[in-house]
Amino acid sequence: MIKLGSLTLENFRGCKHYNMAFGGKAAAIYGANGAGKSTLADGYIWLLTGKDQQGRADYNILPVSAVEGVEASVAASFIASGGGHFALRRVYKPVFTRKRGETEKHRTGNTTDYYIDDVPQKAGDYNKFIAEHIGSEDDILTVTRPDYFAQAIKPDARRERLLSLFSGGMDDAAVIAKHAELAPLAEQMGTYTIDDCVKRWKANRRKVNGDLEAIPGRIDEAERAKPAAVDVQADAAMPHLAAQRMKIKSAIDRLRSGETASGIRQQISTEKADMEQARAEYVHKSAGGNTALENQMVMLRQNLSDAQAAAAKQEASAASAETLVEGLDKDITALRQQVMDEHAKEFDAGSGKCPTCGQPYPSEMLEQMRGNFNAAKAEKQAQMIARGKELSATRGGLAKQAEADRAAAQQSQTEAEHLQQKLTALQKMLVTPPAWETTADCQKRQSEIAALEQDLQKVSSAADTQIQKLEAELVPVEQQIQAVTARQSNAELLKKQDARISELRAEEKKLGVQLAEFDSLLHLADRFVQLKATDVEAKVNGSFRSVCWKLFELQVNGGIKACCEAQVDGKDYGSLSNAERVNAGLDIVDTLGQKMGLVLPVWVDNSESVQNLLPIQAQIIQNIVPPTWDKLGKIAQTALVEKYSSEELARAKYEEPNKRMRTEVLE
């Protein structure tokens with residue numbers, strides 16, 4: 001169990017300052033609507049999760065129109081069971097920056113600092129500490145907000161949490177063993193759950209049903225794919241046709257690989273290779289005259305890059321030092337003003353009388369007080385002067401450094417300009433040789449290759465004429481061979497299609513049996529869900545005092561639809577009155593917290609409408625809207641009026657009571 005020891009808010013949303021020592025006890029916070037009661041709960045939740053009660057992380061944390069320097073923070077101390085203590089603090093800081101050319105700073109973002117027992121922490125370590133020592137965000141909200149579990153989270157997640165916490169020991173095997181009619185399911189389960197089996201059975205049934213529905217179409221397709229019945233006999237002309245086709249193709253191949261054409265092609269390839277080699281030698285000799293110049297240019301480019309980099313680095317260093325000097329000038333001016341202000345202070349004995357007893361101070365005591373004041377003043381001035389000397393010395397060193405960096409940067413820039421001039425001069429000295437394609441050697445070689453290609457074209461043209469004649473003779477031979485092959489293929493296809501149709505009819509019968517088996521199993525699974533629903537609801541609801549959970553809903557078709565709705569006396573949670581919802585939420589928080597082993601302070605909003613809060617194990621902090629003055633006059637004898645003193649009641653008549661908020665720690 002963890003209780004809230006104290007809570008402090010600074011500049012958090014509409015709350016400028018709030019500090020209260022709860023001491024681990026229950027408390028009531030009184031205030032009108034809009035006074036900031038809910039803000040305290042938001043701050044508490046933000047401290048633990050980084051979000052408000054509604055789960056929002058990007059809402060406005062700072063007060064409206066917050067200026068630079070204003071920070072929002074929430075801090076709390078906690079008392080753990082066994083007497084342990086720890087403290088958490090989260091600080092939200094806006095970031096203001098001034099853009100170049102603008103005189104005012106603008107908010108550009110924010111940062112968040114984290115502390116555990118006043119020790120700064122990284123965000124990850126802070127969140128890890130909360131997760132390990134308190135719980136996850138969902139767990140914290142579950143046992144802190146009475147309305148969270150029954151209303152805020154999704155029904156599926158709510159149902160899953162209830163089943164995981166309360167239905168232990170009620171696994172699928174136990175339900176099946178309890179009900180004899182479900183025995184066939186035990187043979188099918190193995191190591192799986194019924195849900196897993198149902199998913200598998202439904203998937204298999206869909207596949208079987210799809211396959212079964214496709215069978216008639218596949219049989220019809222096979223029937224239509226059968227060729228017309230023909231009398232296919234061995235064709236005696238087939239060997240003769242094959243020999244004739246081979247003879248014609250061999251003649252065509254001999255013409256296409258003629259020796260004359262092959263020799264010319266080889267000669268053309270050799271000439272082209274020789275020309276490429278001559279071109280490479282020409283390029284190599286032409287480039288040799290620029291080698292020395294290019295080596296010098298490479299070195300100059302490297303030196304130029306180094307000089308430019310040095311100039312940039314020195315400029316940046318000078319700018320940084322000058323920025324620091326400007327900051328120190330401001331600090332020195334401010335410190336000088338502080339010294340003058342301190343020097344102007346004079347000893348003030350007030351009325352010369354003791355504020356406690358009203359007697360005049362003895363003269364020696366006044367002198368001693370004056371001496372103490374002057375001594376403290378002198379010491380503070382000395383410290384300020386010493387600090388000013390330190391800042392002045394630092395400022396002088398930085399100013400010299402900036403001046404030296406500026407001079408060095410100018411020297412580096414001058415060197416870079418000189419190197420650029422030398423590089424430009426060398427670039428003008430480079431020699432560009434004429435292109436290889438314009439040389440006499442290249443043109444001669446190209447002419448020789450062109451002549452060889454003309455010879456090849458003449459030889460190829462004569463062979464092409466003979467090849468065209470032979471290809472024309474080959475066409476009718478190929479057509480006759482294709483006709484014979486088609487007749488033989490049709491006979492084989494007819495045989496295969498008849499066998500395929502027989503296979504499909506046997507498969508259709510087998511799939512029908514499988515479909516009936518899956519329907520029987522799924523019917524038993526539906527019955528299993530109905531029986532388990534009754535058993536689980538009884539076990540879950542037996543753990544709560546007033547709340548009952550509707551976890552399953554019987555549909556018109558007899559199926560079961562999963563749901564998760566809290567009920568009290570047969571009424572759904574959403575239709576309960578505020579008082580009924582609060583007590584139902586306290587029942588849920590108390591039961592879940594004890595089951596989870598996580599008992600945290602519970603914030604109850606609008607609790608003024610609840611006459612008798614359900615007692616729970618956790619520390620309760622109530623938000624209460626007190627009655628106005630007129631209403632207080634009518635119920636002057638009630639216990640609520642006794643919480644206010646006569647002086648407070650008198651003020652409440654003339655001041656605006658809806659602007660006040662008061663926290664009272666209860667016994």
Side-chain angles (χ1 to χ4, degrees), residues 10-11 62 65-73 89 91-115 118-123 303-348 370-419:
E10 298 286 349
N11 296 317
L62 289 172
S65 302
V67 297
E68 182 180 0
V70 173
E71 300 175 355
S73 67
R89 180 158 57 99
V91 182
Y92 181 90
K93 300 179 179 179
V95 176
F96 289 83
T97 57
R98 181 186 295 107
K99 296 182 180 179
R100 181 176 297 179
E102 296 183 354
T103 58
E104 296 183 357
K105 292 183 177 181
H106 300 278
R107 183 176 175 185
T108 57
N110 60 269
T111 61
T112 305
D113 296 336
Y114 307 87
Y115 300 86
D118 289 330
V119 178
Q121 303 287 336
K122 295 181 180 179
N303 293 339
L304 175 60
S305 177
D306 293 343
Q308 291 172 339
K313 181 178 180 181
Q314 290 155 356
E315 283 286 352
S317 177
S320 177
E322 289 170 350
T323 300
L324 292 174
V325 167
E326 291 177 2
L328 288 173
D329 285 340
K330 295 179 180 179
D331 292 344
I332 291 171
T333 300
L335 187 59
R336 185 178 293 115
Q337 184 61 44
Q338 292 177 14
V339 171
M340 294 172 64
D341 293 342
E342 187 66 24
H343 180 73
K345 291 181 180 179
E346 296 291 342
F347 174 72
D348 183 11
R370 182 178 289 105
N372 292 340
F373 172 81
N374 291 332
K377 174 180 175 181
E379 182 179 357
K380 189 170 183 180
Q381 286 180 320
Q383 292 175 351
M384 291 179 179
I385 292 172
R387 175 61 178 162
K389 291 180 179 179
E390 292 177 1
L391 294 178
S392 297
T394 303
R395 190 253 182 220
L398 289 172
K400 291 180 180 179
Q401 178 185 340
E403 184 178 355
D405 288 340
R406 287 290 183 196
Q410 182 61 40
Q411 183 177 355
S412 297
Q413 184 62 34
T414 301
E415 181 182 354
E417 293 173 355
H418 177 67
L419 291 171

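Every value quoted in this text rests on a predicted model; they were computed, and no experiment measured them.
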Can you tell me how far apart CD (Q338) and NE2 (H343) are? Round to the nearest 0.5 Å.
15.5 Å
Return the CD1 to NZ distance between I385 and K380, rounded to the nearest 0.5 Å.
13.0 Å
Kindly say whether G388 contributes a backbone atom to a donor-acceptor pair with the side chain of S392 at under 3.5 angstrom?
yes
Once you round to the nearest 0.5 Å, how far does CD of E326 lie from CG of L324?
9.5 Å
State which residue, out of Q121, K93, K122, fulfils the side chain to side chain contact (heavy atoms under 4.5 Å, CB included) condition with D113.
K93
Measuring from K389:NZ to L391:CG, what's the distance to the nearest 0.5 Å?
12.5 Å
Would you say T323's side chain and A319's backbone share a donor-acceptor pair under 3.5 angstrom?
yes
Show the numbers, then the answer: is there a side chain to side chain contact (heavy atoms under 4.5 Å, CB included) between R395 and D329?
CA-CA 8 Å; R395 190 253 182 220; D329 285 340; 2.8 Å; yes
Any salt bridge between E390 and R387, counting N to O under 4.0 Å?
yes
Has the side chain of K345 got a donor or acceptor atom that lies under 3.5 Å from a matching backbone atom of K377?
no
Contact check, side chains of S412 and E315, non-hydrogen atoms, under 4.5 Å:
no
Looking only at heavy atoms, the pair that brings M384 and L335 closest together is O-CD2, 3.3 Å
Is there a side chain to side chain contact (heavy atoms under 4.5 Å, CB included) between H418 and T414? Walk through the geometry before answering.
CA-CA 6 Å; H418 177 67; T414 301; 5.8 Å; no
Out of curiosity, E10 CD to R89 CZ, how far, rounded to the nearest 0.5 Å?
10.5 Å
